[in-house]
Amino acid sequence: MKSVETFRDLQREATEWRHYLHENPELYFQEHSTAKFVTEKLASFGINHIETGIAETGIVALIQGGGGDGPTIGLRADMDALPIVEASNKPWSSKRPGIMHACGHDGHTAMLLGAAKYLASTRKFKGSVALIFQPAEEPEFPTGGFRMVQEGIMERFAISQVFGMHNAPGIEVGKFAICDGPIMGSQDDFDIAVKGRGGHAAHPYRTVDPVVIAAQIILGLQTLVSRRTDPRESLVISVTKLSAAQAYNVIPDRVEIAGTVRTLASGLRDFAEREILASAQGIARGFGADIEFRYLRSVPATFNHTEGTDLAIQAARSLVGSASVNDKIKPSMGAEDFAYMLEARPGAYIFLGNGPTEPVHNPAYDFNDEALPYGIGYWANLVETILSP
Ligand code: NI
C-alpha cells in the first residue's frame, strides 16, 4: 500500500485539471465540455475502453489490471456544478456567470482522473476497474446516478462493488470519515393543498377558512416525529413553503403547503407518506374542508454495506494511518444520489477532509487542492486492496 507521498507528483497535475474544471462549470446533464475534457485525459493515459453519452453526459472507462482475471469494481465521481454566483475570489473562479462548482465535484472529477492515470500506468491489480464519471448529482429526481443505473452500467460493465467519495468541509485535510449502514439520508418532498371555501375576511363564519386549517395541519405534522416515531430512529419533516391569499380582507379558497422528509430508515418513508396524508386529511375533514396530496419519492438513503465499509476503512488507513480515519461518523440527513448505485451493488461512500473551508453550496466555497493526493491515494489503495493479485 502506498503512502500519500506517492501521489504528490499527481497532485500538481490534478490541481491544473481541477482549476480548469472550476473555471468551466456546467449544470446538470449539460456537462459536455467536462465530459470531453475527461474523455481526452483518459485516452491520453492509454485507456482505450471508454463509453460516453451514458445518461446524456456520463462516462464509464475500464482499466484492466495486470494481475489476471478478477472482478470489476466501480469508482464514482460526480461532475456537475450548481446555479450559484461565485464569490470565492480565487484566480480560477468560474468564467460562467451564475454557475459554479460549489460542491467540489471539480475536485472529485480531478481525483478520479488522477487515480485513473496512476492505475493505468501501474496496473498492479487483478480484474478491472470501472471509472464512473456521473452527470447531474444535484438536481431533483431523476438524477444522473439514477439514470446511469437505469441505463444498465452495473450489468454492462459487470461491476460487482461500487465506491463513492465526497469532500467534507470541517474535517481536516488528510482525514477520512465513514460509518457502516446509512451515512446519508433519503429525500422525499410533499405538497398539500387545503381546499376550503373563501370569502370576506370580515365574515369568517360564512367560509371554511383554509388558513386556520393549514396552521393546524402544520402543527399536526410536528407530532408525527415527536409523538409517533421511535426517538432512536431518525426522521425529519420540515414544512418549507406556504402560500395563501394576497390581501388583508380575503379568506382564500385554497392554501398550499409544501415540505421535505428526510430519514435514514427506509420504512419511515412509507410511514411519512401514509401518516402525513392521514393527519392532514383528518384535520381538514374535521373542519369541513378537504385536501389534495402529492408525495414525491426522490433519493433513497445512502446505505454503506459492511464489507465495503471495512474495505474502504482498510484502504484509507493504509494511506493515512488509523488515527486519521474516523470509522464511526454520525450520518448526515443530507441526501446523495450515489445511494442509487449502492442500491444496485454493495460498496461504500466515504468523506474526505476538505479542511476549514466554507460549507458546500456556499458562494465562497472552493475545493481544497491539498486534499487531491489523499483522494487519489484512497482510490489507488482501494483498488490495490480489493483487487490484490
Ligand atoms: Ni456534492
Side-chain angles (χ1 to χ4, degrees), residues 14 17-18 21-22 24-31 34-35 38 55 57-59 74-86 88 94 99-113 131-149 162-171 173 176-178 182-187 260 262 298-304 312 329 331-342 347-355 357-369 371-372 374-375 378-379:
W17 303 335
R18 213 279 294 174
L21 293 166
H22 195 89
N24 298 284
E26 294 173 297
L27 292 175
Y28 347 119
F29 297 119
Q30 294 166 31
E31 304 89 342
T34 305
V38 168
T57 52
I59 299 160
L75 312 181
R76 171 273 206 172
D78 38 15
M79 303 191 290
D80 56 323
L82 285 154
I84 293 176
V85 177
E86 178 153 6
S88 76
S94 171
I99 306 178
M100 90 171 269
H101 271 295
C103 202
H105 299 182
D106 49 344
H108 302 166
T109 301
M111 291 189 293
L112 193 54
L113 281 175
L131 308 160
I132 305 167
F133 292 90
Q134 111 156 50
E137 193 283 322
E138 300 282 1
E140 298 298 299
F141 183 83
T143 57
F146 174 83
R147 286 187 53 185
M148 286 189 95
V149 171
V162 70
F163 294 86
M165 171 162 49
H166 205 291
N167 76 93
I171 296 178
V173 170
F176 290 85
I178 191 170
I183 185 164
M184 300 280 282
S186 60
Q187 178 186 344
T260 193
R262 309 297 174 106
S298 197
V299 181
T302 302
F303 195 91
N304 278 347
I329 193 183
S332 155
M333 297 305 282
E336 155 67 73
D337 96 324
F338 184 62
Y340 292 112
M341 296 196 186
L342 284 177
Y349 179 81
I350 198 166
F351 289 112
L352 165 77
N354 200 51
T357 59
E358 297 294 330
V360 293
H361 296 210
N362 180 295
Y365 167 87
D366 190 32
F367 182 88
N368 191 336
D369 292 315
L372 290 168
Y374 293 96
Y378 168 73
W379 286 138

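When a ligand or atom number is given, it counts from 1 through the structure's own listing order.
A donor-acceptor contact under 3.5 angstrom links the side chains of N167 and Y365, judged on distance only. Under 3.5 Å, the side chains of T34 and E26 contain a donor-acceptor pair of N or O atoms.
With waters neither drawn nor counted, the protein N/O/S atoms under 2.8 Å from the Ni ion (ligand 1) amount to 3.
For the side-chain contact (heavy atoms from CB on, under 4.5 Å) test, residues two or more places apart in sequence or in another chain that qualify with P363 are I84, A87.
Aromatic rings from F351 and Y349 are positioned such that their centres are separated by under 6.0 Å.
Here the CG-SG distance, from D80 to C103, works out to 8.5 Å after rounding to the nearest 0.5 Å.
Salt bridge absent: R147 and E137 never bring a charged side-chain N and a carboxylate O closer than 4.0 Å.
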